[in-house]
Amino acid sequence: RDQQHAADWLLMVSKLKQRFDFVMVCLHADDVAELAPMAELAGLSWITGAKHDTLSLPRMRAMFESFEYMVTDVQGSHIPYAAWGGCKVAMLEPLYVRSWDQFKDHPHFVKNPGMRKNRVFHEPENVKARLPFLFVDDLEKATCPREWAEELLGVACQRPPGELARLLG
């Protein structure tokens with residue numbers, strides 16, 4: 001991760017404490033070692049978010065249901081999950097764009113090398129063109145695009161646990 005971008009972005013987020021009662025940074029488990037000290041230096045509380053474990057989705061859902069707003073500087077699945085959990089979501093610039101080198105050894109991209117071409121979707125101008133409703137000039141104008149999130153997450157196709165147990169035997 002670009003250290004200067006992270007430091008600048010965390011400082012910008014820390015300024016939200018002037019407008020909101022409580023501001024917390026959620027860090028992906030892979031980023032905690034690097035970013036937690038930077039968050040603390042910016043005066044921010046932090047919590048570990050997604051990990052590579054079976055409880056990530058329930059943990060993240062509980063977290064998103066506990067907050068009114070979720071802001072981010074990077075495109076990812078956390079955005080629709082936050083909206084599905086009831087958060088008003090917004091992307092704050094400058095956006096962070098991960099380089100291909102950060103993903104080249106990731107098992108998903110090793111197994112699916114053709115996915116590299118999809119990186120263009122993460123370029124800031126493409127994100128803004130596809131998701132303009134996430135970019136607001138005042139955070140209090142952020143919305144909770146729940147229908148958008150439900151469509152992206154396939155909520156209409158979800159089945160209750162009992163039905164899954166019956167279908168899968």
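The closest side-chain heavy-atom distance from Pro94 to His5 is below 4.5 Å. Side chains of Lys51 and His28 form no contact here, defined as non-hydrogen atoms less than 4.5 Å apart. Considering only heavy atoms from C-beta on, Glu151 stays 4.5 Å or farther from Pro80 through its side chain. Counting only heavy atoms from C-beta outward, the side chains of Met38 and Leu35 approach each other to under 4.5 Å. A heavy-atom distance below 4.5 Å is found between the side chains of Leu10 and Val25. Contact check for Leu27 versus Thr48: no side-chain heavy atoms found under the 4.5 Å cut-off. The closest side-chain heavy-atom distance from Lys88 to Met70 is not below 4.5 Å. Residues Leu95 and Gln75 have side chains not in contact (no heavy-atom distance under 4.5 Å, counting atoms from C-beta outward).
The CZ atom of Phe22 sits 10.5 Å away from the OG atom of Ser66 when rounded to the nearest 0.5 Å. In this structure, Glu40 CD and Trp46 CH2 are separated by 6.5 Å, a value rounded to the nearest 0.5 Å.
Both Leu92 and Phe20 are members of a single hydrophobic cluster when ILVMFWY side chains are connected at heavy-atom separations under 4.5 Å. A continuous path of Ile, Leu, Val, Met, Phe, Trp and Tyr side chains, each step under 4.5 Å between heavy atoms, connects Tyr69 with Val13, placing both in one hydrophobic cluster. By the criterion of side-chain heavy atoms lying less than 4.5 angstrom apart, applied directly or through intervening Ile, Leu, Val, Met, Phe, Trp or Tyr residues, Leu41 is not grouped with Val32; the two fall into different hydrophobic clusters. Cluster annotation: Leu153 and Met63 are assigned to the same hydrophobic cluster (Ile/Leu/Val/Met/Phe/Trp/Tyr, side-chain heavy-atom contacts under 4.5 Å, transitive). Using a 4.5 Å cut-off between side-chain heavy atoms of Ile, Leu, Val, Met, Phe, Trp and Tyr, with links allowed through other members, Trp9 and Leu11 fall into different hydrophobic clusters.
Shown here for Pro58 and Leu55, the closest heavy-atom pair between the two residues is CD-O, 3.2 Å. For Ala149 against Ala83, the heavy-atom pair with the smallest separation is CB-CB, 3.7 Å. Across Val89 and Leu134, no two heavy atoms sit closer than the pair CG2-CD2, 3.3 Å. Of all heavy-atom pairs spanning Ala42 and Ser14, the tightest one is O-CB, 3.2 Å. Closest heavy-atom contact between Cys26 and Met60: SG-CE, 3.8 Å. Met91 and Val74 get closest at one heavy-atom pair: CE-C, 3.6 Å.
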| query | Does the pair Thr72 and Ile79 meet the rule for a side-chain contact (heavy atoms from CB on, under 4.5 Å), with working shown? | reply | CA-CA 8 Å; Thr72 185; Ile79 300 171; 3.8 Å; yes
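The aromatic rings of Trp148 and Phe133 lie perpendicular to each other, with more than 60° between the two planes, well past the 30° mark.
Atom CD of Gln158 has more than 12 neighbouring heavy atoms from other residues, nucleotides or ligands inside a 6.0 Å radius. Within 6.0 Å of CD in Glu93 there are more than 12 heavy atoms belonging to other residues, nucleotides or ligands.
No donor-acceptor distance shorter than 3.5 angstrom exists from the side chain of Asp138 to the backbone of Lys141, with no hydrogens or angles considered. A donor-acceptor contact shorter than 3.5 Å is absent between the side chain of Arg159 and the backbone of Leu164. Judged by distance alone, with hydrogens and angles left aside, the side-chain atoms of Asn112 form no donor-acceptor pair with the main-chain N or O of Gly114 at under 3.5 Å. Panel note: side chain Lys17, backbone Gly43; a donor-acceptor pair is recorded below 3.5 Å. Under the 3.5 Å distance criterion, the side-chain polar atoms of Arg59 are matched with a main-chain donor or acceptor of Gly49.
Here the two rings, on Phe64 and Tyr81, have centers that are 6.0 Å apart or farther.
Classification of Arg19 and Glu140 as a salt-bridged pair holds, one side-chain N sitting under 4.0 Å from a carboxylate O.
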